[in-house]
Each structure stands twice: as C-alpha cells, then as structure tokens.
Amino acid sequence: AQRYGCSALIIYSDPEDYAPSGTLVYPNGPSLPPYGLQRGSLFEHEGDPLTNGVPSLDGVFRESYSSVMASGGVPSIPVQPIGYGDAIYFMSQLDNISAPNSWIGGLNVSYRIWQSDSNTNQSFIQVNNYQEQRTIYDVIGTIYGQVEPDQMVILGNHRDAWVFGAVDPNSGTAVLQEMARAFGTLRTKGWRPGRSI
C-alpha cells in the first residue's frame with residue numbers, strides 16, 4: 001500500500017478465514033466475532049528494527065526511527081486493523097474493478113478494489129500514536145541440572161498484556177508462578193533436576 005502511494009492502510013480478518021459459514025463466533029464458539037480484530041505487526045523481520053540483526057541492548061548503536069522508516073524497514077503510513085463488522089462499511093463504498101477471485105471472502109458485499117471517479121465517498125483515519133523507545137525486562141531464573149546441566153528444559157510465559165491488562169497472561173503466569181514456588185520448595189530440601197531448568 002505504501003509503495004503504491006496510499007496514505008494509510010486499513011486491514012481486517014475476513015470471515016471466510018476466521019469465521020467460516022456455519023461456525024459459531026465468540027463467546028458462543030471459537031471463531032472471530034464481527035468486531036474482533038487481529039493484533040500484531042506488519043514488521044517483516046526479526047528483533048528490533050533499530051538495531052538490525054543484533055540484540056537491542058544498552059550501548060548498541062541504534063538507527064533513528066526516521067532513517068529506518070525511510071529505508072522501508074518499518075511502514076511510513078499508518079496501518080489500522082478493524083473487525084470485519086466494520087470492514088463491510090468500507091468495502092461497500094468501493095464500486096469499481098472487481099477483486100481477483102482469490103481475494104473474495106465471506107462478507108455479504110461485492111468485493112471490489114477501486115473507487116470510481118464519480119464516487120465521492122471519503123474515509124479518514126485519525127492517528128494519535130507516537131513513537132517512544134522503552135526498556136523491557138525479562139525475568140530469568142535458573143536451576144542447574146545435576147546429571148545433564150548443559151541440557152535445558154525451558155519454561156516461559158509473557159508478562160506483557162495487550163488488551164485486558166494483567167488479566168491477559170493470567171493462566172500462564174499462574175502455572176509458571178506455582179511451578180517456581182514448587183521448585184523453590186524442592187530446592188530448600190536439596191533437590192536438583194536432572195537437566196537445567
């Protein structure tokens with residue numbers, strides 16, 4: 001979209017892929033509801049785009065965000081995900097050039113990819129984001145194995161929360177915390193695992 005001169009990109013998850021006909025949507029089933037949307041990134045590389053291939057540690061040289069954006073490393077236009085319940089409104093405004101068959105999904109609308117010159121409908125996207133570099137922390141605990149200390153059993157969970165605050169990773173956090181408590185109790189009694197944890 002950026003390469004072809006678009007000023008913004010609105011993306012959605014089509015019900016053909018995420019709520020096929022005949023499946024129940026959340027909360028009554030597993031499929032994506034009309035106002036559900038995907039979270040994630042359009043970033044196509046690994047790691048921090050400002051440190052390009054090396055860990056993002058203190059003291060590592062960082063490119064400026066504007067230079068990474070200018071080189072195409074990150075999008076220079078806003079990208080907004082929406083649910084397919086909202087996407088149908090935008091899709092219904094397009095009235096020219098039929099979409100390729102592989103693009104036709106499950107919305108009750110003619111899939112088109114262009115707006116004719118006589119079509120005066122306009123859509124605006126308002127962006128209130130700002131770029132900010134923040135420090136994140138990983139909490140790592142290690143119990144060295146007694147038999148094969150160079151063999152690792154890795155357990156983990158995320159602590160960040162995208163939507164529901166601290167509720168987001170609760171099930172994984174509860175299991176990991178209980179395992180840490182149990183391992184700690186065992187360690188006070190002299191226990192060590194066969195492999196490192």
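Computation of the quantities below employed the complete heavy-atom set of this structure, encompassing side-chain atoms and omitting hydrogens, waters and symmetry-equivalent molecules. Quick caveat: nothing in here was measured; it's all calculated off a predicted structure.
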How long is the span from the [atom1] atom in [X] to the [atom2] atom in [Y], to the nearest 0.5 Å?
| X | Y | atom1 | atom2 | answer |
| --- | --- | --- | --- | --- |
| Leu50 | Asn52 | CG | CG | 9.5 Å |
| Asp95 | Arg112 | CG | CZ | 7.5 Å |
| Arg192 | Ile197 | CZ | CD1 | 11.0 Å |
| Ile113 | Met91 | CD1 | CE | 10.0 Å |
| Asn96 | Asn119 | CG | CG | 9.0 Å |
| Tyr18 | Leu37 | OH | CG | 12.0 Å |

Indicate if [X] and [Y] have the same hydrophobic cluster label, given that clusters are the connected sets of ILVMFWY residues with side-chain heavy-atom separations under 4.5 angstrom.
| X | Y | value |
| --- | --- | --- |
| Tyr12 | Val109 | yes |
| Trp103 | Leu94 | no |
| Ile11 | Phe90 | no |
| Val153 | Ile143 | yes |
| Tyr26 | Tyr35 | no |

Side-chain donor or acceptor of [X] paired with backbone N/O of [Y] under 3.5 Å:
| X | Y | value |
| --- | --- | --- |
| Tyr111 | Pro100 | no |
| Glu63 | Val68 | no |
| Gln115 | Asn121 | yes |

Residue pair [X] / [Y], side-chain heavy-atom distance below 4.5 Å:
| X | Y | result |
| --- | --- | --- |
| Asp14 | Tyr84 | no |
| Asn157 | Val175 | no |
| Leu24 | Ser31 | no |

* Could you go step by step and tell me if Phe124 and Gln122 meet the side chain to side chain contact (heavy atoms under 4.5 Å, CB included) rule? -> CA-CA 7 Å; Phe124 296 92; Gln122 293 185 14; 3.0 Å; yes

Can you give me the closest heavy-atom contact between [X] and [Y], atom names plus distance?
| X | Y | value |
| --- | --- | --- |
| Tyr144 | Pro193 | O-CD, 4.1 Å |
| Pro149 | Ser196 | O-OG, 2.6 Å |
| Trp114 | Ile97 | CB-CD1, 3.8 Å |
| Val25 | Leu32 | CG1-O, 3.4 Å |
| Arg195 | Glu148 | NE-OE1, 3.2 Å |
| Arg62 | Leu57 | NH1-O, 3.4 Å |

